[in-house]
Trainee: 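Sharing a structure with you now.
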Amino acid sequence: MSARFNPPPGWPVPPAGWIPDSTWEPDPSWPAPPAGWPMWIDDTVTEPREETMLLPLAGLASVGPTTGPRQDNRTRRIVLIAFLCLAFLVLGLLLGKGRAGSQLAAAETTLEEVQTEQARVEEDKAALLTAQEDLATAQATMTEREGAVGTKEAELVTRESAAAAAETDLQSRLTVVEGRESAVATAEADLQARSAAAGRSGTSSSTPKATTPDAPAGIVGGGGGSVSYANCDAVRAAGKAPIRVGEPGYSKKLDRDGDGVGCE
């Protein structure tokens with residue numbers, strides 16, 4: 001039975017058949033062997049565990065030259081595992097960064113959308129306030145115009161009342177004027193009748209004439225001459241009312257409405 005050196009975990013694996021001499025001592029940087037760790041084991045024991053392959057290369061140099069296909073395979077396995085670990089680490093970082101970048105971009109997009117929506121809301125609010133102000137102004141203008149219309153209607157009613165009162169007063173004055181004109185015409189007719197009577201009485205004493213009936217008061221002329229009436233009372237007294245255009249004694253003063261028929 002042959003014995004083989006069994007390096008503790010963290011120690012470099014020595015070449016096959018390596019036997020330390022009497023002056024060899026382990027590197028102080030190597031970890032201490034676990035308690036009860038067998039330094040020499042039977043050569044029939046299985047290969048050392050993988051922990052022994054994670055040893056610094058500097059430690060291998062202190063042990064001595066490392067040759068042989070087994071050591072090369074283990075070194076390649078260590079490098080491959082380290083490379084794979086590094087690759088996975090870099091890939092994880094890249095994926096994490098990509099996810100973080102995507103989330104950040106999505107957050108920025110959402111923030112921009114929120115800001116845009118807020119701007120739209122502010123614009124709508126400003127437009128609503130403007131519309132409310134315009135509506136208030138329109139209502140105030142409408143109220144003012146309604147007040148002005150009410151005032152004008154009141155003024156119109158007042159003017160209509162004043163016009164009606166003025167018309168009534170004018171009608172009353174016309175009635176008074178017509179009464180006065182009638183009285184004046186009556187007085188003039190009476191005066192003309194008296195003058196005619198005085199003239200007849202002065203001429204009858206010297207030259208007798210045929211007697212003719214006296215004209216009613218207000219009638220000027222008579223016999224075969226032209227006839228004129230002082231007013232409608234004289235026309236009615238003569239029995240000629242109503243008197244029409246073309247009849248003896250017609251005049252415009254007897255036809256106030258100008259329809260061709262006087263003293264209706």
Trainee: State whether Asp233 and Arg236 are salt-bridged, where the test is any N-O pair (Lys NZ or Arg NE/NH1/NH2 against Asp/Glu carboxylate O) under 4.0 Å.
Mentor: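 Here Asp233 pairs with Arg236 in a salt bridge, since their nearest N and O are under 4.0 Å apart.
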Trainee: Do Gln118 and Val114 have side chains that approach each other closer than 4.5 Å (heavy atoms only, starting at C-beta)?
Mentor: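 A side-chain contact under 4.5 Å exists here.
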Trainee: Which value, rounded to the nearest 0.5 Å, describes the distance between Met142 atom CE and Thr137 atom OG1?
Mentor: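 That separation rounds to 12.0 Å.
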Trainee: Contact between Pro14 and Pro7 at the side-chain level, heavy atoms closer than 4.5 Å - yes or no?
Mentor: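 A side-chain contact under 4.5 Å exists here.
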Trainee: Looking at Trp37 versus Trp11, is the centre-to-centre ring distance below 6.0 Å?
Mentor: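 Trp37 vs Trp11: aromatic centres not under 6.0 Å.
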Trainee: For residues Val227 and Lys240, determine if any side-chain heavy atom of one lies less than 4.5 Å from a side-chain heavy atom of the other.
Mentor: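 When only atoms from C-beta onward are counted, Lys240 and Val227 do not touch, as no gap falls below 4.5 Å.
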Trainee: When you measure from the side chain of Asn231 to the backbone of Ala234, do you find a donor-acceptor pair of N or O atoms at a distance under 3.5 Å?
Mentor: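 A pair under 3.5 Å: yes.
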Trainee: Are Asp124 and Arg120 within salt-bridge range, i.e. N to O under 4.0 Å?
Mentor: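 Between Arg120 and Asp124 there is no salt bridge, as every charged N stays at least 4.0 Å from the carboxylate O atoms.
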Trainee: Could you tell me whether the side chain of Asn6 and the main chain of Ile41 form a donor-acceptor pair under 3.5 Å?
Mentor: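 Answer holds: no.
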Trainee: With rounding to the nearest 0.5 angstrom, report the CD to CD distance, Glu160 to Glu155.
Mentor: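 Nearest 0.5 Å value for the CD-CD distance: 12.5 Å.
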Trainee: Short question: side chain of Glu247, backbone of Arg244 - any donor-acceptor pair under 3.5 Å?
Mentor: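 Indeed, once roles are kept as given, a pair shorter than 3.5 Å links the two residues.
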Trainee: So do the side chains of Tyr229 and Leu254 get within less than 4.5 Å of each other, counting heavy atoms only?
Mentor: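 Tyr229 vs Leu254: side chains touch.
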Trainee: At what distance, to the nearest 0.5 angstrom, does CG of Leu135 lie from OG1 of Thr130?
Mentor: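 One gets 12.5 Å once the value is rounded to the nearest 0.5 Å.
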Trainee: Return the minimal non-hydrogen interatomic distance between Asp257 and Asp255, and the atom names on each side.
Mentor: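 Between these two residues, the closest heavy atoms are OD1-OD1, 2.6 Å.
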Trainee: Flag the pair Arg256 and Glu181 as a salt bridge only when some basic side-chain nitrogen lies within less than 4.0 angstrom of an acidic carboxylate oxygen.
Mentor: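 Salt bridge: yes.
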Trainee: Are any non-hydrogen side-chain atoms of Leu129 and Gln132 less than 4.5 angstrom apart?
Mentor: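 They are in contact (side-chain heavy atoms under 4.5 Å apart), so the answer is yes.
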Trainee: Distance from Asp27 atom CG to Glu25 atom CD, nearest 0.5 Å?
Mentor: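 The distance works out to 10.5 Å.
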Trainee: If I take atom CG from residue Leu91 and atom CG from residue Leu84, how far apart are they, to the nearest 0.5 angstrom?
Mentor: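 Answer rounded to 0.5 Å: 11.5 Å.
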Trainee: Can you confirm whether Trp24 sits close enough to Trp18 that some side-chain heavy atom of one is under 4.5 Å from a side-chain heavy atom of the other?
Mentor: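 When only atoms from C-beta onward are counted, Trp18 and Trp24 do touch, with a gap below 4.5 Å.
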Trainee: Flag the pair Pro8 / Pro34 as yes when at least one side-chain heavy-atom distance between them is below 4.5 Å, and no otherwise.
Mentor: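 Yes, close enough: below the 4.5 Å cut-off.
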Trainee: Rounded to the nearest 0.5 Å, what separation is found between the CG atom of Leu94 and the CG atom of Leu89?
Mentor: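 Nearest 0.5 Å value for the CG-CG distance: 9.5 Å.
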Trainee: Donor-acceptor check, side chain of Ser182 to backbone of Glu178, threshold 3.5 angstrom: yes or no?
Mentor: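 Not at all, since once roles are kept as given, no pair shorter than 3.5 Å links the two residues.
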Trainee: Would you check if the side chain of Asp134 reaches a backbone N or O of Ala138 as a donor-acceptor pair within less than 3.5 Å?
Mentor: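 No.
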